Student: 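Take a look at this one; I'll ask things after.
The shown structure was predicted, so the numbers you read here are calculated from the model rather than taken from an experiment. Just so it is clear, the values below take in all heavy atoms, side chains as well, and ignore hydrogens, waters and symmetry mates.
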Amino acid sequence: MATASNDILSWTNTDCRESILFNSWGIVYRFQTTSGSNGQMITTMWRALRPNKEDRVAKLEWAPNGGLGRVILGKHTLRMADITRPEPTVYGCRMFVGPDGLTYSWRPSVSTPTDIELYDNSGVKVAFFRQTRQTRYQIGDVYGELHFLRTAGAGTVTHPPMMDMVTLTAMLYRFCATWNV
């Protein structure tokens with residue numbers, strides 16, 4: 001299934017908590033991590049609304065040991081562990097409940113071991129993250145691509161709030177895989 005270039009977000013930085021996601025139109029998402037006055041690490045996820053105008057999608061408050069803490073998503077506060085729940089029957093699988101109330105799961109690709117794929121509750125692949133060779137762009141060095149399959153499943157993966165949740169959980173999946181959380 002081919003994806004349009006605007007359905008592919010180039011992901012900068014090897015540290016997914018401090019990165020920019022962009023496509024041919026410009027910056028779409030930005031993760032910015034800061035240290036609070038008490039030393040707690042906080043990552044803010046921003047969505048570009050138009051040039052020079054962003055909206056906060058989520059605020060991630062990391063645990064004091066650098067592990068999973070909590071995420072404030074709109075008016076809801078969730079434990080990061082609840083949106084990165086391991087699936088015990090599938091190696092490397094992490095599950096979450098989407099804004100539509102359905103269960104989704106990120107898992108390593110069977111055909112391309114460096115890819116991670118997102119499946120909806122019917123087992124249809126709706127998105128995937130692909131590591132790439134480091135490529136220099138004006139915005140920053142790109143290390144991966146997040147592909148949204150616009151027409152797969154219910155066809156809502158490219159619309160907020162689902163697109164926001166897919167991007168957020170992809171970042172958390174990458175964090176968990178990198179730090180073996």
Side-chain angles (χ1 to χ4, degrees), residues 2-62 68-80 82-84 96-102 104 106 116 118 120 126-132 134-176 178:
T3 56
S5 65
N6 60 354
D7 293 339
I8 300 171
L9 299 182
S10 296
W11 202 311
T12 67
N13 209 327
T14 54
D15 183 351
C16 55
R17 298 169 300 170
E18 189 65 42
S19 54
I20 295 171
L21 286 82
F22 66 94
N23 62 15
S24 58
W25 292 337
I27 295 173
V28 180
Y29 290 102
R30 183 170 61 92
F31 290 98
Q32 179 181 28
T33 302
T34 58
S35 182
S37 59
N38 60 355
Q40 181 183 26
M41 299 300 289
I42 297 171
T43 300
T44 305
M45 178 183 174
W46 301 95
R47 180 183 344 106
L49 300 174
R50 59 182 178 272
N52 300 317
K53 178 71 173 156
E54 294 177 312
D55 188 29
R56 187 180 90 178
V57 175
K59 178 179 171 185
L60 296 93
E61 299 173 343
W62 300 95
L68 299 176
R70 69 182 189 157
V71 59
I72 301 165
L73 192 60
K75 295 181 181 178
H76 304 285
T77 301
L78 307 162
R79 292 177 343 124
M80 287 182 204
D82 291 340
I83 56 175
T84 58
F96 67 93
V97 175
D100 55 5
L102 301 175
Y104 293 83
W106 283 105
I116 56 170
L118 179 64
D120 67 10
V126 294
F128 63 95
F129 174 82
R130 171 167 290 149
Q131 287 184 359
T132 61
Q134 179 183 350
T135 306
R136 179 140 305 180
Y137 286 86
Q138 198 169 24
I139 293 176
D141 290 354
V142 170
Y143 295 87
E145 298 173 339
L146 181 58
H147 294 246
F148 294 92
L149 305 178
R150 181 180 294 270
T151 59
T156 62
V157 75
T158 57
H159 304 285
M162 191 63 203
M163 187 174 179
D164 299 338
M165 186 62 117
V166 169
T167 304
L168 174 65
T169 57
M171 188 277 286
L172 286 170
Y173 185 99
R174 291 183 61 210
F175 174 83
C176 290
T178 299

Student: Mark yes or no for whether Glu18, through its side chain, and Thr33, through its backbone, hold a donor-acceptor pair below 3.5 Å.
Tutor: yes
Student: So, are Arg56 and Glu54 salt-bridged, with charged N and O less than 4.0 Å apart?
Tutor: no
Student: For Cys16 and Trp11, run side chain to side chain contact (heavy atoms under 4.5 Å, CB included): C-alpha distance rounded to whole Å, both residues' side-chain angles, the deciding distance at 0.1 Å, then the answer.
Tutor: CA-CA 8 Å; Cys16 55; Trp11 202 311; 4.1 Å; yes
Student: Should Leu68 and Phe175 count as side-chain neighbours, where that means a heavy-atom distance under 4.5 Å?
Tutor: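 Counting from C-beta outward, Leu68 and Phe175 do come under 4.5 Å.
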Student: Look up atom CG in Asp164 and atom CG in Leu73, then write down how far apart they are to the nearest 0.5 Å.
Tutor: 7.5 Å
Student: Let's go through Ile42 and Leu60 carefully: what are the C-alpha distance in whole Å and the side-chain angles of both, what is the deciding distance for side chain to side chain contact (heavy atoms under 4.5 Å, CB included) to 0.1 Å, and is it a yes or a no?
Tutor: CA-CA 6 Å; Ile42 297 171; Leu60 296 93; over 6 Å; no
Student: Can you confirm whether Ile27 sits close enough to Ile139 that some side-chain heavy atom of one is under 4.5 Å from a side-chain heavy atom of the other?
Tutor: yes
Student: Does the side chain to side chain contact (heavy atoms under 4.5 Å, CB included) test come out yes or no for Trp46 and Ile20, once each step is laid out?
Tutor: CA-CA 9 Å; Trp46 301 95; Ile20 295 171; over 6 Å; no
Student: A cation-pi test, strictly: NZ or CZ of Arg17 under 6.0 Å from the centre of the six-membered ring of Trp62 and no more than 45 degrees from its axis. Yes or no?
Tutor: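 Here Arg17 passes the 6.0 Å and 45° test against Trp62.
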Student: Rounded at 0.5 Å granularity, tell me how far CZ in Arg174 sits from CE in Met171.
Tutor: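 Output value for this atom pair is 9.5 Å.
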Student: Could you tell me which non-hydrogen atom of Val166 sits nearest to which non-hydrogen atom of Trp106, and how far apart they are?
Tutor: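 Here Val166 and Trp106 meet closest at O-CZ2, 3.6 Å.
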Student: Below 4.5 Å, heavy atoms only, C-beta onward: do Thr84 and Phe96 meet side chain to side chain?
Tutor: no
Student: Are the ring centres of Phe22 and Tyr137 closer than 6.0 Å?
Tutor: yes
Student: Working to the nearest 0.5 angstrom, can you tell me the gap between Met163 CE and Met165 CE?
Tutor: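 If I round to the nearest 0.5 Å, the distance is 14.5 Å.
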Student: Is any side-chain heavy atom of Ser35 closer than 4.5 Å to one of Gln40?
Tutor: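 They are not in contact (no side-chain heavy atoms under 4.5 Å apart), so the answer is no.
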Student: Test Phe129 against Tyr173 for ring-ring contact (aromatic ring centres under 6.0 Å, His included), laying out the working first.
Tutor: CA-CA 10 Å; Phe129 174 82; Tyr173 185 99; 9.2 Å; no
Student: Does the side chain of Phe148 come within less than 4.5 Å of Ile8's, by heavy atoms?
Tutor: no
Student: Does Asp141 offer a backbone N or O that forms a donor-acceptor pair with the side chain of Thr12 under 3.5 Å?
Tutor: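 Side chain of Thr12 to backbone of Asp141, a donor-acceptor pair under 3.5 Å: no, none is there.
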Student: Is the number of heavy atoms from other residues, nucleotides or ligands under 6.0 Å of Asn52 CG greater than 12?
Tutor: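 At most 12 heavy atoms, drawn from other residues, nucleotides or ligands, come within 6.0 Å of this atom.
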Student: In Å and rounded to the nearest 0.5 Å, what is the OG1 to CG distance from Thr43 to Leu168?
Tutor: 10.0 Å
Student: Can you tell if the side chain of Thr167 reaches within under 4.5 Å of the side chain of Met45, non-hydrogen atoms only?
Tutor: yes
Student: Determine, step by step, whether Arg30 and Leu21 satisfy the side chain to side chain contact (heavy atoms under 4.5 Å, CB included) criterion, reporting the C-alpha distance in whole Å, the side-chain angles of both residues, the deciding distance to 0.1 Å, and the verdict.
Tutor: CA-CA 6 Å; Arg30 183 170 61 92; Leu21 286 82; over 6 Å; no
Student: CG/Asn23 to CG/Leu9 distance, rounded to the nearest 0.5 angstrom?
Tutor: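 Going from CG on Asn23 over to CG on Leu9, the span is 5.5 Å.
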Student: I'd like to know if the side chain of Thr132 and the backbone of Gly144 have a donor-acceptor N/O pair within less than 3.5 Å.
Tutor: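 Yes; at least one donor-acceptor contact below 3.5 Å.
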Student: Answer yes or no: is there a side-chain heavy-atom contact under 4.5 Å between Glu61 and Val71?
Tutor: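 No, too far: nothing below the 4.5 Å cut-off.
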Student: Look up atom CG in Leu149 and atom OG1 in Thr158, then write down how far apart they are to the nearest 0.5 Å.
Tutor: 10.0 Å
Student: Less than 4.0 angstrom from a charged side-chain N to a carboxylate O is my criterion; do Glu145 and Arg130 meet it?
Tutor: no
